[in-house]
K.L.:
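Questions regarding the structure given below will be posed in turn.
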Amino acid sequence: MSKVIENYFGEMTGRMRKFREELVDTKPYICVERALITTKVYQENQDQPLAIKRAIMLKNILEGMSIFIEPQTLIVGNQASSNRSAPIFPEYAMQWVIDELDQFEHRDGDVFYITEENKRKLRDIAPFWEHNTVLDRGLAAFPPHSKLYYDLGIIKSEGNITSGDAHCAVDYGRMLQVGLKDYERRTKEKLEALDLTDYKNIKKSYFYRAILIVIEGVRAFAARYSKLADETAAQEKDPVRRAELLEISRILAKVPYEPASSFHEAVQSVWLIHLILQIESNGHSLSYGRMDQYLYPFYEADIRSGKIDDDRADELLCNLWLKTYTINKVRSWSHTQFSAGSPLYQNVTVGGQTTDEKDATNKLSRLILKSVAQCHLTQPNLTVRYHKGLTHEFMRECVEVIRYGFGMPAFNNDEIIIPSFIKYGVSHDDAYNYSAIGCVETAVPGKWGYRCTGMSFLNFPKALLIAMNNGVDPASGERVCEGTMHFKDMKSFDDLLESWDKVIREMCRQCTIIDATCDMVLEHDTADILCSALTDDCIERGLNMKEGGSVYDFISDLQVGIANLADSLAAIKQLVYETKQITPAELWEALQANFGGEKNERIRKQLEAAPKYGNDDDYVDELVVDAYNVYIDEMKKYHNTRYGRGPIGGIYYAGTSSISANVPQGAGTLATPDGRKAGEPLAEGCSPSHEADKNGPTAVFKSVAKLPTEEITGGVLLNQKVTPQMLQKEENRDKIIMLMRGFFNRLQGYHVQFNVVSRETLQDAQIHPEKHRDLIVRVAGYSAFFNVLSKKTQDDIIERTEQVI
């Protein structure tokens, strides 16, 4: 990025800049400490109730893992034995770890390193976990026919049974105000009041005892850092740094058990809890919620009293983002392709409205924008809540962050999300307090269950091919459902729609079965005690989040390949049934041949020339809306496993936040009627296919807005790409704002985010990665360093349309 852009928000302090450089240069290793401690606890506590065993596990990890304090930091807490190292969570999955130990360093993307000694330690504990993990039980629990959908890659849910759930934000605001001591008090009162002659209360007693064990572990963890800071201070010769270490020691002797009473205490308290939630389970998309709202009282009081100034607050925030970046996660290679770039999706939300429907932006909102831009990292994932009353000045500052070229911030639209929540039964005040979670999904912090989106991925283009093949998967020859007839025998486009209706409804049903199986196994085998304690109404109900403890519990699956479905339907309707340029048999044979041969290549060119989604063409846009509505109509019949167990909701809604699943799901999909060849990536999110959108961003916005957005509450992911040169002009920066206002205000768009990078830069980065060490791109609902991505994912990003305003 140019120096002019770089200096718009100024630079972070010298020590934070040095800290950042060290982190970016750090090689990510595999850490085995958590795996070893967890194995020992599970071996020694096999007779304990699940909640107690999980609590003992977390307490032992917090008391036994390595801790350290970086020389530059003002905020302490580490996830693993070194920064950017990824712990192993053996209780979720172990066999893939053993199978891939020698491959971590040789991956095409998301490379990790591991010592031979640590390989040996993991192999030593592996026998205990054989047939004894969540993944093992999940695969065994799938009903046979449903597992066929999983095995064939039609419905993918590997992430659900290889890690914890997460996809939530706890109530940091309340925790800062009352401290964990209040949660401890409430838990003790509920435990003492239980009538244990009711057998249901016996299980609740385990949960309450587990909370008390975990809070004790958190206090011990904080005390360890307090002691370490004090010991380090005693050896420190620099009086300024010695004073900082003593302040760190004081703070950690207080929070998070006691309420925070300063900005520094609040930031440290939030970080330590956020960190422990990552250590507790292997989930991702653990998010910070509306940080500019709950931290603002501490910021304002300290600024008013002169305890800190904006420079100090900025440094603390930069420090928090650097610490956030230290967290890492290793996934199996098959799952990595769905989450390229090792994303953690740790979202922080700013802006939006207050519960009395006024603009909620404040000085801290701007300071968060500034600090995230200064750090220029992939974490946190920054989201701005847009609403009609958002000022032009704040929008201009957001655009300046966009110009930094790291894919942030994303924008979510209050004007569609809040009414959608209220329609589902979320209270007015809670709906106005929603935050972004992970990518583009949304939920109410501290009141929502797991996975507001991301249960499983359904491949729409593969579903269409199966509908054309009379219910048989053409890639494997396996019959997966009943169809109506083969495409070659279909006499009209209505025949195809009838087959789509039948097939996609069955696939929606299978998604529900697979989701419920994953949820059932996770509930039986794991329990996140701290996360549940910090989520209402788990303590009140005596239930963890998986058992129905949260106030709200809405989830979504993710539908992949929206644009490919749209373009395929339009091509078939126009070329096969209206103009009759291609017969059904010719098209089917061309697809099976992957368009090989002169005749089939000519057919592919015809398909490519058919109407395309993303150009404000009702012909194609309305086709995908009708097809998507069939899925949505069927989805409304089903519930999740918490339905009727306490939470409001327990139902499904749709979602298009496909992360990087479009690449691996495309790799397993044969040629499709939009002219896409076998193995090529599918379109990501609800964005148009590469280079298919010819009429500019306004037309894209109009096409996307025709989707049943009010029903896709799980997130309507739209990526747009523009060049840095285009945003150099002030008039173009204002045009971006006008475009977004039109999209959100008039068209009721849900979400948009921008990649600001040229095709030439990306291509050069593939050839000379050493010259582009800091190049960050928006992959889907998250950003990643370009150099760590697999070549297939890099190519997918390069091929995206560059918009002109």
K.L.:
Would you call the rings of Phe406 and His376 parallel, tilted or perpendicular, where under 30° means parallel and over 60° means perpendicular?
P.N.:
tilted
K.L.:
Charged N to carboxylate O below 4.0 Å: is that the case for Glu91 and Arg34?
P.N.:
yes
K.L.:
Using distance alone, with no hydrogens and no angle criterion, decide if Ser85 and Ser82 have a side-chain donor and acceptor under 3.5 Å apart.
P.N.:
yes
K.L.:
Walk me through it: do Asp774 and Arg20 pass the test salt bridge (Lys or Arg N to Asp or Glu O under 4.0 Å)?
P.N.:
CA-CA 11 Å; Asp774 269 354; Arg20 181 194 185 277; 3.3 Å; yes
K.L.:
Measure the acute angle between the ring planes of Tyr288 and Tyr172, then classify it against the limits of 30° and 60° as parallel, tilted or perpendicular.
P.N.:
tilted
K.L.:
Is any NZ, NE, NH1 or NH2 atom of the basic residue among Asp536 and Arg174 found under 4.0 Å from an Asp or Glu carboxylate oxygen of the other?
P.N.:
yes
K.L.:
Could you tell me the separation between the CG atom of Leu364 and the CD atom of Gln293, rounded to the nearest 0.5 Å?
P.N.:
8.5 Å
K.L.:
Less than 4.0 angstrom from a charged side-chain N to a carboxylate O is my criterion; do Arg331 and Glu158 meet it?
P.N.:
no
K.L.:
Salt-bridged, Glu21 to Arg773, with N to O below 4.0 Å?
P.N.:
yes
K.L.:
Is Glu441 salt-bridged to Arg451, cutoff N-O under 4.0 Å?
P.N.:
no
K.L.:
What heavy-atom pair brings Glu711 and Tyr653 nearest, and what distance separates the two atoms?
P.N.:
O-CB, 3.7 Å
K.L.:
Does Phe754 have Lys721 sitting over its ring (NZ/CZ under 6.0 Å from centre, angle to axis within 45°)?
P.N.:
no
K.L.:
Mind checking whether Trp448 and Phe421 have parallel, tilted or perpendicular rings, split at 30° and 60°?
P.N.:
tilted
K.L.:
Is Arg642 paired with Glu547 through a side-chain N to carboxylate O contact shorter than 4.0 Å?
P.N.:
no
K.L.:
Using the six-membered ring wherever Trp is involved, compare the ring planes of Tyr404 and Phe9 and label them parallel, tilted or perpendicular (cut-offs 30° and 60°).
P.N.:
tilted
K.L.:
Going by atom types alone, do Thr162 and Trp96 pair a side-chain donor with an acceptor below 3.5 Å?
P.N.:
no
K.L.:
Can you confirm whether the side chains of Gln79 and Asn328 place a donor and an acceptor under 3.5 Å from each other?
P.N.:
no
K.L.:
If we only count heavy atoms from C-beta on, is the Thr349 to Met291 side-chain gap below 4.5 Å?
P.N.:
no
K.L.:
Does either side chain, that of Ser420 or that of Thr713, offer a donor lying less than 3.5 Å from an acceptor on the other one?
P.N.:
yes
K.L.:
With under 30° as parallel and over 60° as perpendicular, where do the rings of Phe411 and Phe744 fit, or are they tilted in between?
P.N.:
tilted
K.L.:
Consider only side-chain N and O atoms of Tyr652 and Asp515, and report whether a donor and an acceptor are under 3.5 Å apart.
P.N.:
yes
K.L.:
Do the two ring centres, one from Tyr345 and one from His284, sit under 6.0 Å apart?
P.N.:
yes
K.L.:
State whether Lys447 and Asp430 are salt-bridged, where the test is any N-O pair (Lys NZ or Arg NE/NH1/NH2 against Asp/Glu carboxylate O) under 4.0 Å.
P.N.:
yes
K.L.:
Is there a donor in the side chain of Glu70 and an acceptor in the side chain of Asn83, or the other way round, less than 3.5 Å apart?
P.N.:
yes
K.L.:
Side-chain donor-acceptor pair under 3.5 Å between Glu684 and Ser687, yes or no?
P.N.:
yes
K.L.:
If the threshold is 4.0 Å, N to carboxylate O, is there a salt bridge linking Lys791 and Asp108?
P.N.:
no
K.L.:
Taking 4.0 angstrom as the limit, do Asp796 and Lys792 come out as a salt bridge?
P.N.:
no
K.L.:
So, Ser556 versus Thr453: side-chain donor-acceptor pair below 3.5 Å or not?
P.N.:
yes
K.L.:
Just say parallel, tilted or perpendicular for the rings of Phe743 and Phe701, cut-offs at 30° and 60°.
P.N.:
parallel
K.L.:
Could you tell me if the ring centre of Tyr424 sits under 6.0 Å from that of Tyr552?
P.N.:
no
